[in-house]
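Report on one structure; see the data block that follows.
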Amino acid sequence: MFPDDLEIWLNHFEYHARHPRRIPHGLSDRLTPPERRLIASSLATFQLGEQSQGGALLRAAAHFARRQRLPNLVRITALFIREEQRHAELLRGFMEDHRIPLKSSDWTDRVFRRVRRLAGLELYLHVLISAELIGNVYYRTLEAATGCLRLKVLCRTLVADELAHIGFESHLLLALRARHRAPVRALVRLAHRAFFAGTASVVWLTHRTLLRHCGHDARSFLGLCLAQYAFYLEPAAAPLASTPAP
Ligand SMILES: [Fe+2]
Ligand SMILES: [Fe+2]
């Protein structure tokens with residue numbers, strides 16, 4: 001990537017900052033009591049994951065941007081964090097209207113936050129893109145399964161943004177990986193894939209009641225997550241004919 005690519009991403013995020021996502025008023029908003037019970041805890045965990053002040057990410061991006069002379073990266077990162085906060089707001093609005101309790105902490109969220117603070121931008125991106133890829137599968141699954149039109153549109157709206165986030169992060173991550181020598185690159189790839197598969201398995205375990213209701217067993221959920229992973233992070237290895245569209 002760089003710096004021309006970053007200019008394109010900056011334009012993208014600036015545009016979205018000027019036109020923040022909204023859910024149209026007047027959509028049918030009926031959530032049955034069994035559906036509310038089914039999604040409440042799971043959705044609250046994802047809502048928590050969307051909200052972050054992003055201080056550690058901003059610091060890592062600023063440090064990297066200074067060293068590489070990429071000033072746009074700092075602004076892009078700030079706009080990206082704002083977009084994630086907007087997701088948290090949209091989810092919170094839906095949850096409050098349906099009296100779904102918010103979470104202030106969850107062990108999976110704490111682990112994610114701790115791991116990504118461990119080192120610089122590259123490690124942070126590896127953790128972040130794992131959450132984004134799995135979130136993308138989760139929101140699409142939820143959209144297909146819910147009968148509530150407002151929740152369907154909300155999920156689709158989040159996915160639209162997450163796809164751009166994943167595009168940006170994979171673009172940056174592959175550029176960062178390309179700077180390593182081949183053996184290091186291979187090791188990083190293996191370690192990240194193992195981390196990603198482990199994380200997707202934990203998400204399956206902790207959200208399995210909802211995911212099963214949406215028609216997934218552990219194997220199909222993991223398969224979908226890994227297909228997304230291959231599409232964005234192993235483009236040369238992904239068989240085009242059998243790779244689902246992102
Ligand atoms: Fe998000
Ligand atoms: Fe995102």
Side-chain angles (χ1 to χ4, degrees), residues 12-13 16 19-52 80-103 106 108-109 112 128-170 199-200 202-204 206-217 220-229 231-232 244-246:
H12 167 89
F13 282 102
H16 283 273
H19 306 87
R21 300 282 188 186
R22 291 180 209 294
I23 306 301
H25 289 294
L27 294 176
S28 149
D29 193 12
R30 184 173 142 66
L31 195 64
T32 62
E35 195 176 359
R36 180 185 171 281
R37 273 197 302 279
L38 183 71
I39 68 171
S41 171
S42 174
L43 198 61
T45 304
F46 272 83
Q47 194 275 340
L48 183 63
E50 297 278 3
Q51 56 183 349
S52 165
F80 158 78
I81 292 166
R82 201 187 297 171
E83 221 165 88
E84 293 295 13
Q85 289 167 348
R86 177 72 184 147
H87 293 176
E89 263 173 49
L90 290 171
L91 284 166
R92 190 176 63 232
F94 176 82
M95 290 170 66
E96 284 173 352
D97 288 351
H98 290 277
R99 296 191 309 285
I100 295 174
L102 295 164
K103 282 188 184 175
D106 181 87
T108 51
D109 184 68
F112 252 96
L128 186 60
I129 199 169
S130 302
E132 302 265 32
L133 287 165
I134 295 167
N136 184 31
V137 172
Y138 174 86
Y139 290 128
R140 289 204 298 188
T141 302
L142 184 57
E143 181 202 336
T146 181
C148 173
L149 185 57
R150 180 180 170 195
L151 183 56
K152 274 183 185 295
V153 173
L154 174 54
C155 288
R156 200 174 307 167
T157 303
L158 298 184
V159 166
D161 277 349
E162 302 304 3
L163 286 175
H165 294 176
I166 293 165
F168 168 66
E169 289 154 15
S170 59
T199 306
V202 170
V203 170
W204 158 257
T206 49
H207 298 264
R208 64 187 180 283
T209 310
L210 172 60
L211 292 170
R212 268 202 195 115
H213 178 86
C214 296
H216 281 298
D217 57 18
S220 67
F221 180 72
L222 203 60
L224 266 185
C225 290
L226 287 170
Q228 290 286 299
Y229 183 93
F231 187 90
Y232 286 99

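Just so it is clear, the structure is predicted and the values come from calculations on it, not from any experiment.
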Which pair of heavy atoms, one from Cys225 and one from Ile134, lies closest together, and at what distance?
SG-CG1, 4.2 Å

Separation of Phe13 CZ from Phe80 CZ (nearest 0.5 Å):
6.5 Å

Mind checking what makes side-chain contact (heavy atoms from CB on, under 4.5 Å) contact with Ala88, not counting sequence neighbours?
Gln47, Glu50, Gln51

Can you confirm whether more than 12 heavy atoms, excluding those of His19, are under 6.0 Å from its NE2 atom?
yes

Could you work out, with side-chain contact (heavy atoms from CB on, under 4.5 Å) as the rule, every residue matching Val202, not counting sequence neighbours?
Trp107, Thr108, Thr206

For Tyr139 and Leu91, work out which heavy atoms get closest and say how close.
OH-CD1, 3.6 Å

Please tabulate, one pair per line, all N/O donor-acceptor pairs under 3.5 Å involving side-chain atoms of residues 36-44, not counting sequence neighbours.
residue	atom	partner	partner atom	Å
Arg36	NE	His98	O	2.9
Arg36	NH2	Arg99	O	2.3
Ser41	OG	Lys103	NZ	3.1
Ser42	OG	Tyr138	OH	2.6
Ser42	OG	His207	ND1	2.7

Using modelled atom types only, decide if a donor and an acceptor are shared between the side chain of Ser220 and the backbone of His216 within a distance under 3.5 Å.
no

Between Asp217 and Arg208, does any side-chain N to carboxylate O distance fall below 4.0 Å?
no

Quick one: do Glu84 and Ser52 satisfy side chain to side chain donor-acceptor pair (under 3.5 Å)? Show the steps, please.
CA-CA 8 Å; Glu84 293 295 13; Ser52 165; over 6 Å; no

Go through the structure and list residues passing side-chain hydrogen bond (donor to acceptor under 3.5 Å, both in side chains) with Ser170, not counting sequence neighbours.
none

Working to the nearest 0.5 Å, report the span between CD of Glu35 and CZ of Arg30.
9.5 Å

Arg86 and Glu89 ion-paired at < 4.0 Å:
yes

Glu169: side-chain hydrogen bond (donor to acceptor under 3.5 Å, both in side chains) partners, not counting sequence neighbours
none

Least distance between heavy atoms, Phe94 atom then Cys148 atom:
CE1-SG, 4.0 Å

In Å and rounded to the nearest 0.5 Å, what is the CG to CG distance from Leu163 to Asn136?
5.0 Å

side-chain contact (heavy atoms from CB on, under 4.5 Å) partner of Thr146, the single match among Leu151, Thr141, Thr32
Leu151

Please report the shortest heavy-atom distance between Leu133 and Ile166, naming the atom on each side.
CD2-CG2, 3.7 Å

What's the spacing between Leu90 CG and Leu154 CG if we round to 0.5 Å?
6.0 Å

If only side-chain N and O atoms count, and only distance matters, is there a donor-acceptor pair under 3.5 Å linking Glu83 with His165?
yes

Mind jotting down which residue pairs meet the salt bridge (Lys or Arg N to Asp or Glu O under 4.0 Å) criterion with at least one end in residues 152-165? Sequence neighbours excluded, please.
Arg21-Asp161, Glu143-Arg156

